[in-house]
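Below, each value reflects all heavy atoms present in this structure, side chains not excepted, and no hydrogens, waters or symmetry copies. So that the names make sense, note that chain A is the first sequence line, chain B the second, and so on, each numbered from 1.
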Amino acid sequence: MYPVLADIEIPLAEVLSSMEIEGIRLDAAALHSFGEELLPKIDGLAGEIYAAAGHEFNIGSPKQLSVVLFEELGLPAGKKRKTGYSTDADTLEALRDKHQIIPLIFEYRTLTKLYNTYVRGLEAAVSPDGRMHTTFKQTETRTGRISSAEPNIQNIPVRTEIGRNFRKFFVADEGNLLADADYSQIELRVLAHLSGDKAMIKTFCEGGDIHTETAASVLGLPPEWITPEQRRSAKAVNFGIVYGIGAFSLAKDINVSVAEAKRYIDDYLTHYSGVREYMDKVTKSAEKDGWAVTMFGRRRFIPEILSTNKTVKALGKRIAMNTPIQGTAADIIKIAMVRVYRRLKAELPEARLILQVHDELIVEAPEEKAAQAARILTEEMQGAVKLAVPLTADAKEGRSWYEAH
DNA sequence: CGATCACGC
DNA sequence: GCGTGATCG
């Protein structure tokens, strides 16, 4: 049988089933009162927006909003959509200082998103046992990741402080704690390993900050000279390489011209020449075979790479470059999950693996056993596979997901 | 149900 | 890049 199937997916099925059945406790009362605090704020913002527009309208309708912004208020329109002018975040960001209504729209969107998707969505998903039991889908993604639905616990906010609050409502049961461990930069470490790039391997082996080191080596400066701005750009390029976004999207992400973004990527690949050779190798092999493959033999077919349409073919190439990275990272955490599950069963049966969020695992354990659970998590995650670079996972314990992460 | 927007990794 | 989900029309 195929190793990915026999050694990873089939053993994993039992682990996922157990995680779904266990679920995670939700503090429904606290979630509800958080929602009750959001509602008057949303109301107040709507009032301010109507006042700024001069009349009421449906702020949630991009079509109506574009009429207000670009026809009535006369703001400069940007990208055209099928149904009108775009009102997405990038477009509004460019207009932020042009009219008082713009920041209000941003805040309104943030709060309604939090209320509709997370307050109402999560409230609807609490079971009679006071816990949420997501569905982990094992065969939904093209890269080999698992996905989560009803509720999706893999897109709970973390970036903004107000959104991060939701993690306070995911709590350990009485007398228990959550132990949370996440891989540090797993995709870039996988890239360093798969490509064998000397400079990237060296950075990870010496334990430096990868984004600062990237900026330093690409720009030919000492790491201590790297400005926050230079680090941000390097981070965006690393991000782009890992996700296979290409110059066009990178340009959008860091607000530079496409030509500049191309140059960033080219400079990057000149300094990480092993990565360039690796990217050439995987795109060539995808063109020849029609698929990309992960370190453990998981295949993804890429018909796009034979397209005569330039844009589609370029997409095929990015898929060929990205899939081995994202897919190998998915393989690795799956291996770790099976190992954590087995070890807990054997050594710490009071503890339960309950959540996976792509590069992060969460175990619920009795207070006095949480440190041991965290140790098992770290050991099995770090030891899941031997790479040319260290694979590190940082663990933390807490009463809630907010505290433990 | 497609389009648009926004949250995560 | 890969997902899920809300709302609109």
May I have the distance from [X] (atom [atom1]) to [N] (atom [atom2]), rounded to whole angstrom?
X      : N     : atom1 : atom2 : result
A/D90  : B/dA6 : CG    : C1'   : 12 Å
A/Y243 : B/dG8 : OH    : P     : 11 Å
A/L111 : B/dC7 : CG    : P     : 11 Å
A/F170 : B/dG8 : CZ    : P     : 13 Å
A/D253 : C/dG1 : CG    : C1'   : 11 Å
A/L92  : B/dT4 : CG    : C1'   : 12 Å
A/L191 : B/dC9 : CG    : P     : 20 Å
A/D180 : B/dC9 : CG    : P     : 11 Å

Between A/K80 and A/Y85, is NZ or CZ placed under 6.0 angstrom from the six-membered ring centre and within 45° of the ring axis? yes
Enumerate all atom pairs, one protein N or O and one N or O from nucleotides 1-3 of chain B, separated by less than 3.5 Å.
residue	atom	partner	partner atom	Å
B/dA3	OP1	A/K82	NZ	3.0

Please classify the nucleic acid contact of [X] as base, sugar-phosphate, or nothing, using heavy-atom distances under 4.0 Å.
X      : result
A/A329 : nothing
A/L114 : nothing
A/T112 : nothing
A/V242 : nothing

Side-chain donor-acceptor pairs of residues 167-176 of chain A under 3.5 Å, sequence neighbours excluded:
residue	atom	partner	partner atom	Å
A/R167	NE	A/P157	O	2.8
A/R167	NH2	A/I156	O	2.8
A/K168	NZ	A/N165	OD1	2.9
A/D173	OD1	A/R25	NH1	3.3
A/E174	OE2	A/R25	NH1	2.7
A/E174	OE2	A/R25	NH2	3.2

What does the B/S/- profile of nucleotides 2-9 of chain C look like, 5' to 3', with a 4.0 Å heavy-atom cutoff to protein? BBBBSSSS
Are A/T227 and A/Q230 close enough that a side-chain donor and a side-chain acceptor fall under 3.5 Å? yes
Show every ring pair (Phe, Tyr, Trp, His ring centres under 6.0 Å) that has at least one partner inside residues 183-216 of chain A, sequence neighbours left out.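 For residues 183-216 of chain A, and leaving out neighbouring residues, there are no ring pair (Phe, Tyr, Trp, His ring centres under 6.0 Å) pairs at all.
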Tell me whether the side-chain N/O atoms of A/T87 come closer than 4.0 Å to OP1 or OP2 in B/dT4. no
Contact check, side chains of A/D394 and A/S184, non-hydrogen atoms, under 4.5 Å: yes
Give every donor-acceptor pair under 3.5 Å between a side-chain atom in residues 319-329 of chain A and any protein atom, sequence neighbours left out.
residue	atom	partner	partner atom	Å
A/N322	ND2	A/V242	O	2.6
A/T323	OG1	A/R300	NH1	3.2
A/T323	OG1	A/I319	O	2.9
A/Q326	OE1	A/T143	OG1	3.2
A/Q326	OE1	A/R145	NE	3.3
A/T328	OG1	A/M295	N	3.1
A/T328	OG1	A/P324	O	2.5

Going by side-chain hydrogen bond (donor to acceptor under 3.5 Å, both in side chains), name the residues that satisfy it together with A/Y268, two or more places apart in sequence or in a different chain. A/N238
Only pairs under 3.5 Å count here: list side-chain donor-acceptor contacts from residues 372-381 of chain A, not counting sequence neighbours, and write none if there are none.
residue	atom	partner	partner atom	Å
A/T378	OG1	A/A374	O	2.7
A/E379	OE1	A/R343	NH1	2.7
A/E379	OE1	A/R343	NH2	3.2
A/E380	OE1	A/R339	NE	2.9
A/E380	OE1	A/R339	NH2	3.4
A/E380	OE2	A/R343	NH1	2.8

Taking only heavy atoms on the protein side, list every residue of residues 35-56 of chain A lying under 4.0 Å from any atom of DNA chain C, sorted numerically. none
Where along residues 268-288 of chain A does a heavy atom come under 4.0 Å from DNA chain C, residue by residue in number order? none
side-chain contact (heavy atoms from CB on, under 4.5 Å) involving A/N152 - partner list, sequence neighbours excluded: A/S148, A/Q154, A/N155
Atom CD of A/E260 and atom OG of A/S257: how far apart are they, to the nearest 0.5 Å? 4.0 Å
Salt bridge (Lys or Arg N to Asp or Glu O under 4.0 Å) against A/K202, all qualifying residues, sequence neighbours excluded: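 Checked A/K202 against salt bridge (Lys or Arg N to Asp or Glu O under 4.0 Å); matches are A/E206.
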Kindly say whether the aromatic ring centers of A/F166 and A/Y402 come within a distance under 6.0 Å. no
Please lay out, stage by stage, how A/R164 and A/E161 fare under the test side-chain contact (heavy atoms from CB on, under 4.5 Å). CA-CA 5 Å; A/R164 210 182 183 121; A/E161 192 46 46; 3.7 Å; yes
Which residues pass the ring-ring contact (aromatic ring centres under 6.0 Å, His included) test with A/F248, not counting sequence neighbours? none
Heavy-atom donor-acceptor pair, A/Y118 side-chain to B/dC7 base, under 3.5 Å: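 No.
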